[in-house]
Amino acid sequence: MKRAAIYSRTSTPEQHVETQLYDLRKLAAQRGFEVTREYCDRGVSSSKARRPALDAMMNDARRGEFSVVLVAAFDRIARSTRNLLEIVDELHDLEIEFISAREAIATSTPMGKMFVTLIGSIAELEKSILVERIKSGMRRARLEGRRLGRAPLSVDRHALVRDRLAGMSLTDVAAKYRISRASVVRVVRDATQKQLVAA
């Protein structure tokens with residue numbers, strides 16, 4: 001008998017997970033699965049990156065606590081197509097079957113495997129479109145004469161390095177020249193490297 005985990009989620013505290021749990025328990029019994037644990041995120045929006053019960057379930061999956069995951073629908077477990085792919089991919093790598101009741105998808109079946117390939121292609125397309133949008137935006141910014149990246153520091157570098165090497169604290173130097181401590185470290189490091197190269 002395969003060990004199964006059930007994951008359910010509601011978006012608001014007023015909603016109840018019991019309906020999802022009842023249907024998924026019934027599905028598990030029909031397929032001959034033993035439900036070892038139920039993970040429930042109550043009143044947690046799908047837009048939230050952290051979902052305690054889902055995180056706990058994935059941690060248990062990595063420990064091999066079960067071999068099947070049952071969910072009521074894709075939107076109960078994933079925030080987006082990409083997020084769904086990440087979860088299904090990891091479960092697949094762990095040799096854990098993923099079953100979604102509403103979509104009638106089980107990743108152990110030929111149709112389920114085709115589905116995983118399909119959403120993988122969609123996620124790759126989304127990524128390519130995003131990269132192209134970023135490149136297009138950078139190209140437009142260059143054509144408009146806008147600077148890309150960090151603006152150069154407008155400080156007296158020689159004086160800054162002199163003060164730092166004379167024993168002034170990192171915090172005091174940063175305050176005097178009105179830059180961050182990290183910028184002070186970077187300026188001193190660059191100056192030191194130039195001296196070493198010159199020597």
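What you see below is based on every heavy atom in this structure, not just the backbone, and it leaves out hydrogens, waters and symmetry mates. Just so you know, residue 1 is the first one in the sequence shown, and it goes up from there.
- R157 places no side-chain N or O within donor-acceptor distance of the main-chain N or O of V161, the cut-off being under 3.5 Å.
- For K113, the salt bridge (charged side-chain N to carboxylate O under 4.0 Å, His left out) criterion is met by no residue, not counting sequence neighbours.
- Taken to the nearest 0.5 Å, the CZ atom of R189 stands 7.0 Å off from the CZ atom of R186.
- Judged as a side chain to side chain contact (heavy atoms under 4.5 Å, CB included), and not counting sequence neighbours, the contacts of R133 are I129.
- Looking at residues two or more places apart in sequence or on another chain, you find a side chain to side chain contact (heavy atoms under 4.5 Å, CB included) between V185 and L170.
- The two atoms that bring I105 and G112 nearest to each other are CG2-CA, 4.3 Å, heavy atoms only.
- Partners of S169 according to the side-chain hydrogen bond (donor to acceptor under 3.5 Å, both in side chains) rule, which considers only residues two or more places apart in sequence or in another chain, are D172.
- Note on R139 versus E144: no salt bridge recorded, every NZ/NE/NH1/NH2 to OD/OE distance being 4.0 Å or above.
- Applying the salt bridge (charged side-chain N to carboxylate O under 4.0 Å, His left out) test to R181 and every residue at least two apart in sequence or in another chain returns nothing.
- Looking at Y7 and L54, their side chains come closer than 4.5 Å, going by heavy atoms from C-beta outward.
- Using a 4.5 Å heavy-atom cutoff, the side chains of F66 and M57 are in contact.
- Heavy atoms only, all atoms of each residue included: S100 and A73 are closest at OG-CA, 3.4 Å.
- Minimum heavy-atom separation, S8 to V17: OG-CB, 3.7 Å.
- Linking Ile, Leu, Val, Met, Phe, Trp and Tyr residues whenever their side-chain heavy atoms come within less than 4.5 Å places V155 and V188 in a single cluster.
- Applying the side-chain hydrogen bond (donor to acceptor under 3.5 Å, both in side chains) criterion to S108, with sequence neighbours excluded, gives E97.
- Residues I179 and L160 are in side-chain contact: their nearest non-hydrogen atoms beyond the backbone lie under 4.5 Å apart.
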Checklist entry - Can you list the steps and then say if L84 with I77 is a side chain to side chain contact (heavy atoms under 4.5 Å, CB included)? => result CA-CA 7 Å; L84 176 63; I77 196 169; 4.1 Å; yes

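- For the residue pair Y39 and A53, the shortest heavy atom distance occurs at CD2-O, 3.6 Å.
- To the nearest 0.5 Å, atoms CD (E132) and OG (S128) are separated by 9.0 Å.
- Counting only heavy atoms from C-beta outward, the side chains of L91 and T107 never approach each other to under 4.5 Å.
- Between V68 and F98, the closest side-chain pair of non-hydrogen atoms is not below 4.5 Å.
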Next on the checklist: Using side chain to side chain donor-acceptor pair (under 3.5 Å), reason through Y177 and D156 one step at a time and then give a plain yes or no.
Outcome noted: CA-CA 8 Å; Y177 292 93; D156 185 339; over 6 Å; no

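- Listed by chain and number, the residues in a side-chain hydrogen bond (donor to acceptor under 3.5 Å, both in side chains) with R63 are D60 (sequence neighbours excluded).
- Between T10 and D41, every side-chain heavy-atom pair lies at or beyond the 4.5 Å cut-off.
- Across all non-hydrogen atoms, the minimal contact from A78 to N83 is CA-OD1, 3.3 Å.
- Under the salt bridge (charged side-chain N to carboxylate O under 4.0 Å, His left out) criterion, E18 pairs with no residue, sequence neighbours left out.
- The list of side chain to side chain donor-acceptor pair (under 3.5 Å) pairs with a residue in residues 20-31, not counting sequence neighbours, reads R25-E38.
- When Q15, R51, R42 are each tested for a side-chain contact (heavy atoms from CB on, under 4.5 Å) with R9, only one passes: R51.
- By the rule that hydrophobic residues join a cluster once side-chain heavy atoms approach within less than 4.5 Å of another member, V187 and M168 end up as members of one cluster.
- Grouping the Ile, Leu, Val, Met, Phe, Trp and Tyr side chains by contacts below 4.5 angstrom, directly or via other members, places L85 with M58.
- Using a 4.5 Å heavy-atom cutoff, the side chains of T171 and V173 are not in contact.
- Side-chain heavy atoms closer than 4.5 Å link hydrophobic residues (I, L, V, M, F, W, Y) into clusters, and following such links, even through other members, never connects V69 to F33.
- Under the side-chain hydrogen bond (donor to acceptor under 3.5 Å, both in side chains) criterion, E65 pairs with no residue at all, not counting sequence neighbours.
- Side-chain contact between F74 and E103: present, with at least one pair of heavy atoms (C-beta onward) separated by less than 4.5 Å.
- Closest approach of A101 and L27 over heavy atoms only: CB-CD2, 4.1 Å.
- Every residue meeting the salt bridge (charged side-chain N to carboxylate O under 4.0 Å, His left out) condition with R102, not counting sequence neighbours, appears here in chain and number order: D75.
- Annotation: side chain to side chain contact (heavy atoms under 4.5 Å, CB included) contacts of L94 (sequence neighbours excluded): A61, R62, E90, I96.
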